[in-house]
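These numbers come from the heavy atoms of this one structure, side chains and all, not from hydrogens, waters or symmetry mates.
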Amino acid sequence: MRVFVSLLSGVIFGLGLMVSGMTDTQKVRGFLDVFGAWDPTLIFVLGGAVLPMVVAWRVAAKRKTSPMGEAYPGKPSTRLDGKLVLGALLFGVGWGLGGFCPGPAMASLSYGGWGGLVFVVAMFVGMAIERRLA
């Protein structure tokens, strides 16, 4: 059952990314270009992601286990340090240069785009380097 729920969640997430335009690198770059030809339409995607998560976090805070019966992970640290700031900057630069963040890059693999494949390979190399440095 867990595998089915994970697969279904991934398919719905990927379809949502494709329908919303998050896998279109030109649309993402247009959203990030606030001093140029800014395309604000992705704000609705961000709002559509944040609002349900606020509700889900509140529901999860009142429960000890997930609907699948597993324990929730612990609360992440809220401390703002140099590693977090550097990571956020690298993430933003990568998102702006590539036009992908990790989810849309993975979804882009389903339609065979070379840009998405290059981004995903670079992302995994970066993750491996980060693990060695941590």
Which pair of heavy atoms, one from [X] and one from [Y], lies closest together, and at what distance?
X	Y	value
Met106	Met123	SD-CE, 4.1 Å
Phe31	Pro40	CD1-CA, 4.2 Å
Ala107	Gly14	CB-CA, 4.3 Å
Pro52	Gly47	CD-O, 4.1 Å
Gly94	Phe119	O-CE1, 3.8 Å
Cys101	Phe91	CB-CZ, 3.6 Å

Are [Y] and [X] connected into the same hydrophobic cluster when the rule is that any two of I, L, V, M, F, W, Y join if their side-chain heavy atoms are below 4.5 Å apart?
X	Y	value
Met18	Val11	no
Ile12	Phe4	yes
Val34	Leu32	yes
Phe13	Met53	no
Ile43	Met22	yes

Any side-chain heavy-atom pair of [X] and [Y] under 4.5 Å:
X	Y	value
Leu117	Trp114	yes
Ser20	Phe44	no
Leu51	Val55	no

Taking the basic N atoms (NZ, or NE/NH1/NH2) and the acidic carboxylate oxygens, is any pair closer than 4.0 Å for Asp81 and Arg79? yes
Just checking, any donor-acceptor pair under 3.5 angstrom between side chains of Thr41 and Lys27? yes
State the [atom1]-[atom2] distance between [X] and [Y], to the nearest 0.5 angstrom.
X	Y	atom1	atom2	answer
Thr23	Leu15	OG1	CG	10.5 Å
Lys83	Leu86	NZ	CG	10.0 Å
Leu90	Trp95	CG	CH2	15.0 Å

Other residues, nucleotides, ligands: >12 heavy atoms within 6.0 Å of Arg58 CZ: no
Flag yes if more than 12 heavy atoms outside Met1 fall under 6.0 Å of its CE atom; otherwise flag no. no
Short side-chain to backbone donor-acceptor contact, Arg29 and Leu97, under 3.5 Å: yes
For the pair Val85 and Leu89, evaluate side chain to side chain contact (heavy atoms under 4.5 Å, CB included) and give the outcome as yes or no after the intermediate values. CA-CA 6 Å; Val85 171; Leu89 286 172; 4.1 Å; yes
